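Worth saying up front: this structure is predicted, and the values here are computed from it rather than measured. Within every chain, numbering begins at 1; the chains are lettered A, B, ... in the order of the sequence lines, protein sequences first and strands thereafter.
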Amino acid sequence: MQLLNLTPLDGLFDPHIPALTSTAPKSRFATATRSHLAGELRASHVGAKVKLGGWVHRTRNLGGIVFLDLRDRAGLVQVSFDPKWTPAEALERAGKLGLETVITLEGEVAARPPEMRNAEMETGEIEVRASDFRIVGPANTPAIPVARGRGEKLPAEELRLKHRNLDLRRFELQKNLILRHQLQQTTRKFLDERGYLEIETPILSKPAPSGARDYVVPSRVHPGEFYALPQSPQVYKQLLMISGFDRYFQIARCFRDEDLRADRQPEFTQIDIEASFIVPEDIYSLTEGLLAALWKDAGLEIPPTFERLRYADVMERFGIDRPDTRYALELFDASEAFRGTEFVVTNTVLAAGGRVRGLKVPGGAALSRKQLDEIEGIAKLAGAGGLIRLKRGAAGLEGPAAKFLSESAVQRLAIGEGELCLLVAGPEHVTNPALDRVRQDVAQRLSLVPENKRSFLWVTDFPLFGREQDGTLSSVHHPFTSPHPDDLHLLDSAPEKVRALAYDVVLNGLELGGGSIRINDPSLQRKVLSLLGIGADDAQLRFGFLLDALSAGAPPHGGIAFGFDRLAMVLAGATSLRDVIAFPKTTAAAALFEDAPSAIPPEDLRDLHLQTIAN
RNA sequence: GGGGCCGUAGCUCAGCUUGGUUAGAGCACUCGACUGUCACUCGAGAGGUCGCGGGUUCGAGCCCCGUCGGCCCCGCCA
């Protein structure tokens, strides 16, 4: 281990380096110890005397001369150490540099001879001829490599998270986080220009109305009481509207204590927006503008407006509230073809008020028996009893169910040459999820998904309520969502038929964000809460502050929230949220780098009035 | 809560199917050679509780059970 015994800036200022006099482009990254970033040097810098600081990415020691690739945030540049321009002593030291050592160096930018250029490097036209260098940050052999060999896989994710400081040195992650930064800046600029105020809301908060489990923080000064971390700033932003701020936004951290997925982290970031005196149209156009600005950051153009589909229609056509409409494959109702047949399966379902629905897959007749069995497996996993398969063969319609169908029914089904018809019988809550999975799987199998297409759409007219398994009503969006004014008369008689002024924005089957117009009438809010099983006393206890605020002069208001991490993931082309978050958690919600969560000393527990119990 | 995959040198992996002496390779690391490389090349060397615990067996990296950790999925996530 080399002991340098440096104070942080010792040796970084070197009075012997002459002032830079070149006409080469100046860098906005210039500091007292550095004139440019390594990765920003180009042919236009040739002749410039430069001072660089960065990491040793790779070295090539040829004996008499040494090359190294110096890396910083902007990229790589080749530094050459050669007796023609490097003192023997420095050349000797350069040959011994270990990977990931931090050095500062001075030298001159030189054009490479034509045959020595490297077209694969952005800086490949030039190199920096080093006259001297200094180790300012010695490095142990890295636990995981930063520079990988061609074809070498990434280290295990566990190691990447444990040594996150090293993993974050990789270009891919630097690029992702830089893009994320740009998206944040664009968001702020876009919303600021439209009069939206960025206002922070508490992290130490109150338990959420319902839904996900809260992360909880014990109070030291209030024995036995707890804060909850916000699942979203929902109530705060409504209070801000009631206070008259009119337009609010926040790039807000949210917390939900639920089991994780590749696209789900326990703490995540939302672009949270709320405005007063608006209708859904206002949110649609704002969103379309904001998303266009964000996609532009990634160099992509998107449609100026998005198609709008009603919830009831997307469920009927696609079986899911966030359909991937890059490919057609729409569901249809085949019930009539099976009505009055001898087919027991469909008869039972039809008699019980269910339907036979499915899709016609162009080219699907080519799928093998084995593939069809796999598809049926997917449908069954999603809850279907089975999958009815029909295709047209030389002798007419083929498939186990074909013999039950009348001539006219066959006509009506109109299955074309080469088409495969896949049907599921059952009530909506069975056919929808099953056919959604089947539709997606078949599209994948037959390569029907256009890779570069971006299919944005709005889903509107969500129902206000859904039914829990025990039959009680629950909010589809959240309890503060306004019912559709045309449906208010149904609140008591047929609450599940009440539409909400709620909307989601969907891209390629991914929910990017969602929102609603909120209730601003306290009596209507009380009514909705009571339908949700929250009585007057309970409502006052949990949401009294909101109900009181609504009674104090509340403007009509509404908003939307976007999953910012997911936006960043999509735009970065990443497949995991962890690749667009600097310090993500594992699927068990653990932070491997700093080892959180961890035990705390007994005296701290006592201060918090807490005791741990064995289980 | 449930299912699946993975865990062998600092890293990426082979070895496991069919149990059998000193567990291999590439990269990284150490030493040596090399004056235009760019995944430099060449030679030598060091480096292993085979995640952990238990079991079966004359014998376990390999088979069985449990456990820990990571990833993916279902449930869950208004």
Can you tell me the distance, in whole Å, between the NE2 atom of H57(A) and the C1' atom of C40(B)?
15 Å
Short N-O contact, E172(A) and R170(A), less than 4.0 angstrom:
yes
Taking only heavy atoms on the protein side, list every residue of residues 254-265 of chain A lying under 4.0 Å from any atom of RNA chain B, sorted numerically.
R256(A), E258(A), D259(A), R261(A), A262(A), R264(A)
State the pairing partner of A33(B); accept Watson-Crick or G-U wobble contacts with both distances under 3.5 Å, and report none otherwise.
U41(B)
Which whole-number value in Å describes the distance from Y215(A) OH to C77(B) P?
15 Å
With sugar-phosphate taken as primed atoms, P, OP1 and OP2 and all else as base, the protein-contact string of nucleotides 26-38 of chain B at under 4.0 Å (heavy atoms; B, S, -) is --SS----BBBBB
Distances for protein N or O near nucleotides 68-70 of chain B N or O, under 3.5 Å:
residue, atom, partner, partner atom, Å
G69(B), O2', E158(A), OE1, 3.4
G69(B), O2', E158(A), OE2, 2.6
G70(B), OP1, T586(A), OG1, 3.1
G70(B), O4', E158(A), OE1, 3.4

Work out how far the P atom of C63(B) is from that of G19(B), and round it to whole angstrom.
9 Å
How far apart are the C-alpha atoms of L464(A) and L501(A), what are their side-chain angles, what is the distance that settles it, and do they pass the side-chain contact (heavy atoms from CB on, under 4.5 Å) test?
CA-CA 8 Å; L464(A) 188 63; L501(A) 293 179; over 6 Å; no
Salt bridge flag under 4.0 Å for residues R213(A) and E258(A):
yes
Decide whether Q238(A) and Q234(A) meet the rule of one side-chain donor and one side-chain acceptor closer than 3.5 Å.
yes
What is the separation between atom CZ on R322(A) and atom P on C77(B), rounded to the nearest whole Å?
14 Å
Only counting residues at least two apart or in another chain, list the ones meeting ring pair (Phe, Tyr, Trp, His ring centres under 6.0 Å) with Y503(A).
Y284(A)
Determine which nucleotide pairs with U17(B), using a 3.5 Å limit on both distances of a Watson-Crick or G-U wobble pair.
none
Below 3.5 Å is the cut-off: list the nitrogen or oxygen pairs between protein and nucleotides 4-6 of chain B, distance only.
none

So does D324(A) pair up with R439(A), basic N to acidic O under 4.0 Å?
no
Using a strict threshold of under 4.0 Å (side-chain N to carboxylate O), is an ion pair present between R445(A) and E374(A)?
yes
Write down the distance between CG (D214(A)) and P (C77(B)), rounded to a whole number of angstrom.
13 Å
E496(A) bridged to R467(A) by N-O distance under 4.0 Å:
yes
Rounding to the closest angstrom, what is the interatomic distance between G59(B) and G75(B) at atom P?
47 Å
Short heteroatom pairs, N/O only, protein and nucleotides 45-50 of chain B, under 3.5 Å:
none

In whole Å, what is the span from the CG atom of D504(A) to the P atom of A78(B)?
12 Å
Ionic contact status for E267(A) with R256(A), cut-off 4.0 Å:
no
Say we look at C64(B) and A46(B): how far apart would their C1' atoms be, to the nearest angstrom?
37 Å
Between C1' of C77(B) and CD of Q270(A), the distance in whole Å
12 Å
In whole Å, I'd like the distance from the CG atom of L166(A) to the P atom of U12(B).
13 Å
Regarding D69(A) and R60(A), does a basic nitrogen lie under 4.0 Å from an acidic carboxylate oxygen?
yes
D272(A) with K237(A): basic N within carboxylate O range, under 4.0 Å
yes
Tell me whether the OP1 or OP2 atom of C11(B) has a side-chain N or O from K153(A) closer than 4.0 Å.
no
Contact summary for R71(A) and R169(A), nearest pair of heavy atoms
NH2-CD, 3.3 Å
In whole angstrom, give me the gap between the P atoms of G20(B) and C72(B).
35 Å
Using a strict 4.0 Å threshold on nitrogen-to-oxygen distance, state whether R117(A) and E115(A) make a salt bridge.
no
Between Y248(A) and Q250(A), do the side chains contain an N or O donor and an N or O acceptor separated by less than 3.5 Å?
yes
Applying the Watson-Crick and G-U wobble criteria at under 3.5 Å, what pairs with U67(B)? Answer none if nothing qualifies.
G51(B)
Do H478(A) and R518(A) pass the side-chain hydrogen bond (donor to acceptor under 3.5 Å, both in side chains) test, and can you show the C-alpha distance, the side-chain angles, and the key distance before you say yes or no?
CA-CA 9 Å; H478(A) 59 54; R518(A) 326 298 181 188; 3.2 Å; yes
Between atom CZ in R148(A) and atom C1' in A39(B), what is the gap in whole Å?
12 Å
So is R253(A) actually on top of F268(A)'s ring, under 6.0 Å and inside 45° of the axis?
no
Touch check for R578(A), heavy atoms < 4.0 angstrom, all strands: base, sugar-phosphate only, or nothing?
sugar-phosphate
Write down the partner of A78(B) under the Watson-Crick or G-U wobble criteria, each distance required to be under 3.5 Å.
none
What contact category does L381(A) fall into here, base, sugar-phosphate, or nothing, at under 4.0 angstrom with non-hydrogen atoms?
nothing
Should the pair D441(A)-R437(A) be classified as a salt bridge under the 4.0 Å nitrogen-to-oxygen rule?
no
